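Following: one structure in structure tokens, then a few remarks.
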Amino acid sequence: MFNPISHAFKKAKNENRPALLTYTVAGDSSKKQSLEILKSISKKVDILEIGVPHNTPVADGSQIQTSAYRAIKNGIKINDIFKIVKNFKKFDDNKPVILMGYYNMIFQYGENKFLRKCKISGVNGLIVVDLPWPENKKFANKCKKKSIFFIQLLSPTTTKNRLKKIIKDSHEMIYFISMLSTTGGKLKVSSKKILSNYDKIKRINSKKNVVIGFGITEKTIKSLKKADGLVVGSAICKEITNSLKKGQNPVTNVYNVVNRLKDKIK
């Protein structure tokens with residue numbers, strides 16, 4: 001199935017570098033500013049991951065929780081998120097967008113309705129943290145029919161047998177969680193160990209694009225350049241928080257962070 005996500009990885013590989021994926025929470029620190037941040041970093045980023053704010057984000061650390069709290073406090077709703085994506089796509093229709101969230105929100109909204117809205121607004125991929133394989137197979141197939149990538153998650157504790165099954169059922173992009181932690185934690189394992197686990201996944205199927213997330217910052221990103229893609233989220237959410245505390249413009253400061261990240265993986 002055609003999906004701009006595939007094109008983004010191909011472009012990055014042609015430039016001999018990993019794809020850069022950034023994570024921001026929809027509606028942080030406001031709906032308008034959230035959209036402006038996406039626009040400002042779009043030229044530097046290969047794929048934009050947008051978080052759906054949740055009041056109990058079990059996979060997320062304090063930085064993303066703080067961003068989610070601000071967005072919820074400001075009244076962000078799921079339809080607002082689709083509107084942000086749609087408005088961004090008017091600005092840059094070719095830039096891939098992935099929504100990251102929790103299944104309860106999709107269930108409450110209605111799977112079919114949710115996927116229709118994804119398609120209309122321009123969402124290209126979904127990460128559903130609490131809907132693991134094989135429970136996600138039916139929903140993943142629904143996504144496939146809409147040409148939306150359902151992105152499977154793998155961790156360091158995923159057994160080899162399970163790895164093979166998940167990779168076989170996965171779409172073209174897979175998310176490897178670097179360590180057993182919530183987002184934003186300091187890397188507790190070496191880059192060498194992370195890349196060793198990454199290699200195990202690639203040996204099973206070298207054609208799937210595998211991105212690494214959790215614990216990636218300006219200090220650690222260069223050591224993981226071997227990956228197909230790298231996700232930076234908490235460091236960006238932290239920059240938004242710090243900018244607001246200092247009375248500075250988060251749009252400008254986030255752009256500067258992303259620009260430095262991009263320079264490190266060229």
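Positions are given from 1 along the sequence. These figures come from a predicted structure and were not determined experimentally.
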Taking the side chain as every heavy atom from C-beta outward, state whether L154 and Y198 have any pair of such atoms under 4.5 Å apart. no
Sort out for me which residue in V123, V128, I106 forms a side chain to side chain contact (heavy atoms under 4.5 Å, CB included) with L99. V123
Using side-chain heavy atoms (C-beta onward) and a distance below 4.5 Å, is H171 in contact with N3? no
Shortest non-hydrogen contact between S223 and S191, atoms and distance: OG-OG, 2.7 Å
Going through the checks in order, is the side-chain contact (heavy atoms from CB on, under 4.5 Å) test met by Y69 and Q65? CA-CA 6 Å; Y69 174 73; Q65 286 183 21; over 6 Å; no
So does S29 get a backbone contact from the side chain of N74, meaning a donor-acceptor N/O pair under 3.5 Å? yes
Are F114 and Y103 an aromatic pair by the rule of ring centers under 6.0 Å? no
When every non-hydrogen atom of C237 is compared with those of I64, the smallest separation belongs to SG-CG1, 3.8 Å
Check the surroundings of atom CG in N14: do more than 12 heavy atoms from other residues, nucleotides or ligands lie under 6.0 Å from it? yes
Any link between F82 and I120 through a network of hydrophobic side chains (Ile, Leu, Val, Met, Phe, Trp, Tyr) touching at under 4.5 Å? no
Would the number of heavy atoms belonging to other residues, nucleotides or ligands and lying under 6.0 Å from NZ of K13 be above 12? yes
For a 4.5 angstrom cut-off between non-hydrogen side-chain atoms, does R203 reach D199? yes
Can you find a pair of side-chain heavy atoms, one from L115 and one from L126, that are under 4.5 Å apart? yes
Looking at I5 and P96, what are the two nearest heavy atoms and their distance? CG1-CB, 3.7 Å
Measuring from I236:CD1 to T217:OG1, what's the distance to the nearest 0.5 Å? 11.5 Å
Do T241 and K245 have side chains that approach each other closer than 4.5 Å (heavy atoms only, starting at C-beta)? yes
Looking at side-chain heavy atoms only, is the closest gap between Y175 and M100 below 4.5 Å? no
Donor-acceptor check, side chain of K89 to backbone of K95, threshold 3.5 angstrom: yes or no? yes
Would you say S206's side chain and K202's backbone share a donor-acceptor pair under 3.5 angstrom? no
Among residues two or more places apart or on two chains, list those pairs meeting salt bridge (Lys or Arg N to Asp or Glu O under 4.0 Å) that have a residue in residues 103-124. E111-K142
Between CG on residue L38 and CD1 on residue I84, distance to nearest 0.5 Å: 7.5 Å
Separation between CD1 (I216) and OG1 (T22), nearest 0.5 Å, reads 12.5 Å
Counterpart residues, side-chain hydrogen bond (donor to acceptor under 3.5 Å, both in side chains), relative to K77 (two or more places apart): none
Within residues 257-266 or reaching into it, pairs that qualify as side chain to side chain donor-acceptor pair (under 3.5 Å) - sequence neighbours excluded: K44-N259, E218-R260, D263-K266
Would you say N87 and K39 are linked by a side-chain donor-acceptor pair, where the criterion is simply a distance under 3.5 Å? no
Out of I127, I148, V211, which residue meets the side chain to side chain contact (heavy atoms under 4.5 Å, CB included) rule with I98? I127
Of the non-hydrogen atoms in N253 and S243, which two are nearest, and what is the gap between them? ND2-OG, 2.9 Å
Should W133 and N136 be marked as a side-chain contact (heavy atoms from CB on, under 4.5 Å) after you check the CA-CA gap, both sets of side-chain angles, and the distance that decides it? CA-CA 5 Å; W133 185 93; N136 61 37; 3.9 Å; yes
What class does the angle between the rings of F139 and F150 fall in, given that below 30° is parallel, 30 to 60° is tilted and above 60° is perpendicular? perpendicular
In terms of heavy-atom contacts, P53 and I72 come closest through CB-CG1, 3.7 Å
I177 versus P156, closest heavy-atom pair with distance: O-CD, 3.1 Å
Atom CZ of residue position F107 - does it have more than 12 heavy atoms of other residues, nucleotides or ligands inside 6.0 Å? no
Evaluate D28 against S34 for side-chain contact (heavy atoms from CB on, under 4.5 Å), listing each step before the verdict. CA-CA 5 Å; D28 182 31; S34 176; 5.7 Å; no
Could you tell me if the side chain of K208 sits less than 4.5 Å from the side chain of S170, heavy atoms only? yes
To the closest 0.5 Å, what do you measure between CG (L21) and CG (D228)? 10.5 Å
Worked check of side-chain contact (heavy atoms from CB on, under 4.5 Å) between F88 and I50: CA-CA 11 Å; F88 171 76; I50 302 173; over 6 Å; no
Would you say the side chains of N256 and E239 form a donor-acceptor pair under 3.5 Å? no
Do N249 and Q33 have side chains that approach each other closer than 4.5 Å (heavy atoms only, starting at C-beta)? yes
Using a cut-off of 6.0 Å, state whether more than 12 heavy atoms not belonging to K83 lie near its atom NZ. no
Gap between atom CG of L230 and atom CZ of R17 - 0.5 Å precision: 10.5 Å
Rounded to the nearest 0.5 Å, what separates atom NZ in K193 from atom CG in N197? 5.0 Å
